[in-house]
Amino acid sequence: MRCPHPTAQKGQTEGTTRSASSVRGWTSSVRAERAAAPRPRWSPPGRSWRATGHDRISVRSPTPPPLPVPGAGLAPLVADRQVPGGNRSGRYSRRVSGATPRVRFSPAPTGYLHVGGARTALFNWLFARGCGGSFLLRIEDTDVERSRPELVLAILDSLRWLGLDWDEGPVHQSDRAERHREVVAQLLAAGAAYRCDCSQDQVRARAEERGGPPGYDGWCRDREVGPGEGVVVRFRTPDEGRTSFEDVVRGEVSFDHKVVEDFVIQRSSGAPMFVLANAVDDLDMAITHVIRGEDLLSATPKVLLVREALGASERPVFAHLPILVNDKRQKLSKRRDDVAVGDYRERGYLPEAMVNYLALLGWGPPDGIEIRPLGEIVERFRLEDVNQAPAFFDVEKLTHVNGVYLRSLPSSSFVGAARPFLEREPWASGGDGGDVDGNGEALEGFEAFARLAPLVQERVATLAEVPGMVDFLFLDEPVVDQGSWDKAMKPPADEILDATLAAYETAPWTSAALLASLRAVGEELGLSLRKAQAPVRVALTGRSVGPPLFESLEVLGRERSLARLRAARERL
RNA sequence: GCCCCCAUCGUCCAGCGGCCUAGGACGCCGCCCUUUCAAGGCGGCAACACGGGUUCGAAUCCCGUUGGGGGUGCCA
């Protein structure tokens with residue numbers, strides 16, 4: 001059972017110490033069952049799996065349905081316990097009484113989607129898709145000064161590229177400002193919040209003075225500050241007790257109220273703060289499972305406190321995913337690290353590979369088969385199997401995964417996927433060329449590439465590597481790599497070239513015949529084919545590495561090939 | 001400083017008290033295949049942070065230490 005979780009805990013703030021048994025006990029019984037389940041077998045990548053992958057999942061047009069009426073209350077989230085020994089998928093019902101799971105991905109509009117966000121979005125999506133729940137999108141743009149509408153476009157674009165389709169939204173928090181103000185007023189009226197006119201400098205100064213921990217000291221709690229310039233609204237945090245909650249990936253987490261300061265819920269501008277908007281919107285949107293980064297773990301008690309103050313009787317299930325880190329094991333950052341999903345797209349990674357790799361950060365399939373269609377990942381993904389330690393975003397492994405996907409592509413798809421990467425090269429003009437009929441007529445540009453594609457395909461790990469491998473098909477003269485030239489064009493390169501030239505004048509223009517001829521040339525000179533092909537390859541492509549030589553010759557055609565051999569011979 | 005979280009090969013994951021002489025994957029090294037380079041095949045190197053407990057038995061449970069990270073904003 002992947003989903004509905006034994007959810008919702010009743011509110012439990014004042015020092016309630018709840019045992020972890022509900023979730024843990026449930027978890028282990030499921031684990032035991034999983035261990036007993038038959039091991040699924042590896043299904044080889046190929047056409048069929050592509051069809052079963054997320055290709056099939058269509059991106060629904062995001063038409064925002066109306067939000068539930070504010071204050072209408074949450075559907076109960078408590079999962080029904082079912083009699084053990086029920087269906088294969090688990091001992092607990094898929095059903096959450098009264099509500100299907102609803103999760104959301106709620107990025108801030110930063111202008112692009114970064115890999116950490118993508119991973120969070122993916123895990124939400126996997127969870128939702130795995131249990132028939134809904135995956136919603138919400139843009140957390142309460143900070144008006146920092147958000148502009150166009151900044152969300154790139155995020156949506158990357159999400160679509162990855163195939164993470166959403167069922168509702170995107171809801172913009174900025175559109176809900178009125179609702180947020182209403183809630184703040186409500187909290188104010190109830191005495192759960194108060195106005196504060198302390199400047200940030202004052203707050204800091206007092207903190208230093210008392211030598212205690214930085215943070216707000218409650219100065220304005222009873223000063224009855226009225227509305228005005230520079231006045232914020234703060235939430236009144238309980239002085240006693242603690243807020244505890246059961247986190248699906250971490251077990252019980254607990255915060256003493258003493259360390260939760262009276263936080264700002266409304267800016268002096270009247271705009272709501274993150275915690276307030278987040279709590280209110282999750283409530284109004286009837287979010288049942290909050291799956292987000294661990295960096296938000298310490299914001300959770302605040303959210304819970306706000307919900308409680310609003311009279312919410314149920315809590316969502318929380319799952320704080322381990323953060324993604326760089327090689328120094330610090331949180332991935334925009335400044336130091338390559339984090340934009342869009343950049344990986346530009347660098348020749350396939351969305352399927354990206355998503356597959358991302359699923360492996362903080363989670364692993366029970367059968368150990370890491371590279372597989374998304375549909376199979378959906379079937380196997382379970383929130384409670386997410387592990388707790390930060391994960392290093394390893395581009396090398398991503399690249400490997402990408403290579404596997406690239407190789408498994410039908411040739412025509414590979415050609416199509418590579419085309420944009422070719423087209424951004426200055427030399428890649430169209431070219432329709434002739435055909436190859438054994439008479440050595442030339443194919444040009446893309447057509448030649450298409451012919452060679454299957455051989456190129458298994459030699460690249462990213463699409464960005466393609467141009468460098470096939471440029472000689474497009475260029476009139478190959479770009480000569482000096483290192484390759486120096487290495488290959490030593491004696492007896494002259495003899496090889498001369499003999500090859502002679503042989504190729506008349507040889508049938510097929511890769512097999514071309515191979516046989518060069519082998520014969522080599523034998524005559526007492527050279528292995530390995531040695532003999534080197535000067536020919538460099539003459540033809542400009543490089544010492546590349547696609548198989550004889551197919552390249554064939555596709556390039558007799559005239560162009562001979563011209564290059566002659567040119568190289570003259571340069572010697 | 002304070003709060004919270006985390007800790008198995010270099011990296012990602014497996015491990016749920018005996019099946020562990022700790023398994024898989026990436027990377028790395030070697031060999032094979034081979035027209036270059038890949039791919040593929042075979043093999044190898046490589047980890048339970050430390051110290052106490054609990055137990056007949058601990059990588060697995062508990063406590064502590066150390067180390068790392070996150071948070072501590074009128075950012076999210």
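Protein chains get the first letters and strands the later ones, always in sequence-line order, with residue 1 at the start of each.
Within the 4.0 angstrom heavy-atom criterion, only backbone atoms of the sugar-phosphate kind lie near A:Glu140; the bases stay farther away. Among the atoms of the strands shown, only primed sugar atoms or phosphate atoms (P, OP1, OP2) are found under 4.0 Å from some heavy atom of A:Phe392. Heavy atoms of A:Glu396 sit under 4.0 angstrom from primed sugar atoms or phosphate atoms, though from no base atom. Heavy atoms of A:Arg519 sit under 4.0 angstrom from primed sugar atoms or phosphate atoms, though from no base atom. Nucleic acid contact class of A:Glu465 (heavy atoms, under 4.0 Å, all strands): none. Backbone-only contact: A:Glu261 has heavy atoms under 4.0 Å from sugar-phosphate atoms and none from a base. The residue A:Asp327 sits apart from the nucleic acid: no heavy atom pair falls under 4.0 Å. As judged by a 4.0 angstrom heavy-atom cut-off over every strand, A:Pro390 is placed among residues touching the sugar-phosphate backbone only. At a threshold of 4.0 angstrom between heavy atoms, the contacts of A:Ser254 are confined to the sugar-phosphate backbone, with no base atom among them. Within 4.0 Å (heavy atoms only), A:Pro107 reaches no atom of the nucleic acid at all. Among the atoms of the strands shown, none is found under 4.0 Å from any heavy atom of A:Gly403.
For A:Ser269 and B:C74, a side-chain-to-base donor-acceptor distance below 3.5 Å is absent, hydrogens and geometry of angles not being considered. With hydrogens and angles left out, the side chain of A:Glu458 and the base of B:G40 share no donor-acceptor pair within 3.5 Å. On a pure distance criterion of 3.5 Å, a polar donor-acceptor pair joins the side chain of A:Arg537 and the base of B:U35. With hydrogens and angles ignored, a donor-acceptor pair under 3.5 angstrom links the side chain of A:Arg459 to the base of B:U36.
Comparing the P positions of B:A38 and B:G24 gives a spacing of 25 Å, expressed to the nearest Å. The separation of B:G52 from B:G57, taken at their P atoms, amounts to 15 Å, rounded to a whole angstrom. Comparing B:C50 with B:C9, their P atoms are spaced 10 Å from each other, to the whole Å. Separating the P atom of B:U21 from that of B:U60 is a span of 15 Å, rounded to the nearest Å. To the nearest whole angstrom, the two C1' atoms, one in B:A49 and one in B:G69, are 16 Å apart.
Here B:G69 is the nucleotide among B:G69, B:U35, B:G27 with the atom lying nearest to any side-chain atom of A:Glu294.
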Apply side chain to side chain donor-acceptor pair (under 3.5 Å) to A:Asp486 and A:Gln482, showing your working. CA-CA 6 Å; A:Asp486 294 344; A:Gln482 198 56 46; 2.9 Å; yes
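The distance between atom CG of A:Asp295 and atom C1' of B:G73, rounded to the nearest whole Å, is 15 Å. Nucleotide B:G70 holds its C1' atom 13 Å from the CZ atom of A:Arg329, rounded to whole Å. Taking atom CG of residue A:Asp471 and atom C1' of nucleotide B:C37, one finds them 15 Å apart after rounding to whole Å. Remark: P of B:C16 and CZ of A:Arg382 are 14 Å apart, rounded to the nearest angstrom. Rounded to whole angstrom, the span from the CD atom of A:Gln388 across to the P atom of B:C6 amounts to 5 Å.
Pairing for B:G64 is with B:C50, a Watson-Crick or G-U wobble pair whose two hydrogen-bonding atom distances lie under 3.5 Å. With a cut-off of 3.5 Å on both pairing distances, B:C20 has no Watson-Crick or G-U wobble partner at all.
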